[in-house]
Amino acid sequence: MKNASKTYKVFIYICLFALAVSILIPVAWVFMASIKENSEFYQNAWSLPKGFHWQNFSNAWTEAKMGEYFLNSIVSTGLGLVLLLVFGIPAAYVLSRLEFKGVKFWNGYLHAGLFVNISYIVIPIFLMLLDWNKILGTKVFLNNNIMLALIYASTAFPFTIYLLANYFRSISKTYEEAAYIDGAGYFRTMIDIMVPMAKPSIITVILFNFLAFWNEYILALTICSGSGKTLPVGLVNLQQAARGKANYGVLYAGLVLVMLPTLILYIMVQKQLTEGMMVGGDKG
């Protein structure tokens, strides 16, 4: 049994090592490629950079308008996360901790939203916004990062409420009872007691939805095809232009600009993310 256990552990470590290498090598290659000159790509694509050609980032930021797209992504992603948390946390708390008529219906309704892929409803959303523009005689509903943020938040509600509600349900009711004895109402109990205890789960929600919003392409391409383009849409345009001009260094510099915020955020919340995936709410 001991030999079988050791063999199994060795097998797991080999698999984890292979997985880590398969992820790290492409990421490292992209970072190295972002500081290369074009001539280096035609010699040996896997060779180390001969120098640090930081001009690639400057060209990607200004000439390719990646700086403008970066700001658009920050607005749509940041505002989408704020709206999601402001409305999602109270909704998850109410549906998980309070008893009222219709609570089962609303829980089932939101759970059904988990099976709706955003790709399936892009065209209906676009046509709806287009009709609103025609009815009101305006263009505010399209090519608008604020509207894109609203759509991001609304489409992420089912997953967010499902995850937070399950976490809230795992928290012992003794905490709420103690708060009620001290005179706290539902809102104060949620803010002062439930939200701090659900911090790991909330961070998990933030990270998952940040990745989804930041890297989303289809909806951003459909809704914001003009000056409101986000980074993924701008990156595809940069890719097409870079291939035509054979300017690969600028292309990979733009790719680094897309990847870097997600890597930084993951490093910052890695510990809390693990807690949110593994630790229950009732801590005694």
Side-chain angles (χ1 to χ4, degrees), residues 1-34 44-49 77 81 84-85 88-89 92 95-97 107-108 110-120 155-175 194-218 232 252 255-256 258-284:
M1 291 294 293
K2 291 184 178 180
N3 292 333
S5 178
K6 289 182 180 179
T7 304
Y8 178 74
K9 288 183 179 180
V10 170
F11 174 75
I12 293 297
Y13 288 143
I14 292 175
C15 291
L16 291 175
F17 177 78
L19 179 62
V21 170
S22 66
I23 295 174
L24 290 176
I25 289 180
V27 172
W29 190 87
V30 169
F31 276 94
M32 289 192 301
S34 66
N44 184 2
W46 291 98
S47 63
L48 294 175
T77 301
L81 287 175
L84 185 62
L85 295 177
I89 292 176
L95 292 173
S96 62
R97 307 298 287 190
N107 273 307
L110 289 169
H111 288 169
L114 294 170
F115 301 96
V116 179
N117 193 307
I118 186 65
S119 303
Y120 302 156
T155 54
F157 274 134
F159 168 76
T160 299
I161 294 175
Y162 172 77
L163 188 63
L164 291 179
N166 285 337
Y167 198 95
F168 283 140
R169 289 190 186 99
S170 69
I171 300 176
S172 175
K173 291 186 177 181
T174 56
Y175 297 106
M194 306 298 286
V195 170
M197 295 186 66
K199 181 180 176 182
S201 184
I202 293 174
I203 291 177
T204 302
V205 166
I206 292 174
L207 180 60
F208 282 179
N209 285 298
F210 176 85
L211 294 174
F213 297 170
W214 188 264
N215 297 318
E216 199 280 325
Y217 174 74
I218 297 178
Y252 289 107
L255 187 57
V256 169
V258 177
M259 292 168 45
L260 202 57
T262 60
L263 293 175
I264 293 174
L265 180 62
Y266 177 77
I267 292 172
M268 291 174 58
V269 303
Q270 182 180 9
K271 181 179 179 181
Q272 292 84 348
L273 176 63
T274 304
E275 292 178 357
M277 299 294 290
M278 299 180 63
V279 179
D282 189 358
K283 300 181 181 179

Undergrad: Within this structure, what is the CE-OH distance for the pair Met259 and Tyr252, rounded to the nearest 0.5 Å?
TA: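 Rounded to the nearest 0.5 Å, the CE-OH separation comes out at 11.5 Å.
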Undergrad: If you round to the nearest 0.5 Å, how far is CE of Met194 from OH of Tyr175?
TA: 10.0 Å
Undergrad: Side-chain contact, heavy-atom cut-off 4.5 Å: Ile218 with Ile118?
TA: no
Undergrad: Taking the side chain as everything from C-beta on, heavy atoms only, tell me whether Leu163 gets closer than 4.5 Å to Phe159.
TA: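 Yes; the side chains approach each other to less than 4.5 Å.
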Undergrad: Taking the side chain as every heavy atom from C-beta outward, state whether Ile12 and Lys9 have any pair of such atoms under 4.5 Å apart.
TA: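 In short, these two side chains do not touch, never coming nearer than 4.5 Å.
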Undergrad: For Leu48, enumerate each residue passing the side-chain contact (heavy atoms from CB on, under 4.5 Å) test, keeping only those at least two apart in sequence or located in another chain.
TA: Met32
Undergrad: Measure the CG-CG distance between Leu265 and Leu211 for me, rounded to the nearest 0.5 Å.
TA: 7.0 Å
Undergrad: Could you tell me which residues satisfy ring pair (Phe, Tyr, Trp, His ring centres under 6.0 Å) with Tyr162, sequence neighbours excluded, listed by chain and number?
TA: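 By the ring pair (Phe, Tyr, Trp, His ring centres under 6.0 Å) rule, Tyr162 matches His111.
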Undergrad: What side chain to side chain donor-acceptor pair (under 3.5 Å) pairs are there with at least one residue in residues 207-218, not counting sequence neighbours?
TA: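 Every pair satisfying side chain to side chain donor-acceptor pair (under 3.5 Å) with a residue in residues 207-218: Tyr152-Glu216, Thr160-Asn209.
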Undergrad: Check step by step if side-chain contact (heavy atoms from CB on, under 4.5 Å) holds for Thr7 and Phe11.
TA: CA-CA 6 Å; Thr7 304; Phe11 174 75; 5.6 Å; no
Undergrad: Run the side-chain contact (heavy atoms from CB on, under 4.5 Å) test against Leu95 and tell me which residues pass, sequence neighbours left out.
TA: Phe100, Val103, Trp106, Asn107, Leu110, Ile161
Undergrad: Any idea which heavy atoms bring Ser96 and Ala165 closest together, and the distance?
TA: CB-O, 3.5 Å
Undergrad: Is there a side-chain contact between Ser201 and Phe168 (heavy atoms, below 4.5 Å)?
TA: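 No, too far: nothing below the 4.5 Å cut-off.
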Undergrad: Using a 3.5 Å cut-off and no angle test, enumerate the donor-acceptor pairs between side-chain atoms of residues 22-30 and protein atoms at least two apart in sequence or in another chain.
TA:
residue	atom	partner	partner atom	Å
Ser22	OG	Ala18	O	3.3
Ser22	OG	Leu19	O	2.6
Trp29	NE1	Ala45	O	2.9

Undergrad: Among Leu81, Leu164, Ile89, whose side chain to side chain contact (heavy atoms under 4.5 Å, CB included) with Val205 holds?
TA: Leu164
Undergrad: Just jot down the side-chain contact (heavy atoms from CB on, under 4.5 Å) partners of Ile267, sequence neighbours excluded, or say none.
TA: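 Ile267 satisfies side-chain contact (heavy atoms from CB on, under 4.5 Å) with no other residue.
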Undergrad: Looking only at non-hydrogen atoms, find the nearest pair between Thr155 and Pro158 and report the distance.
TA: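 Result for this residue pair: O-CD, 3.6 Å.
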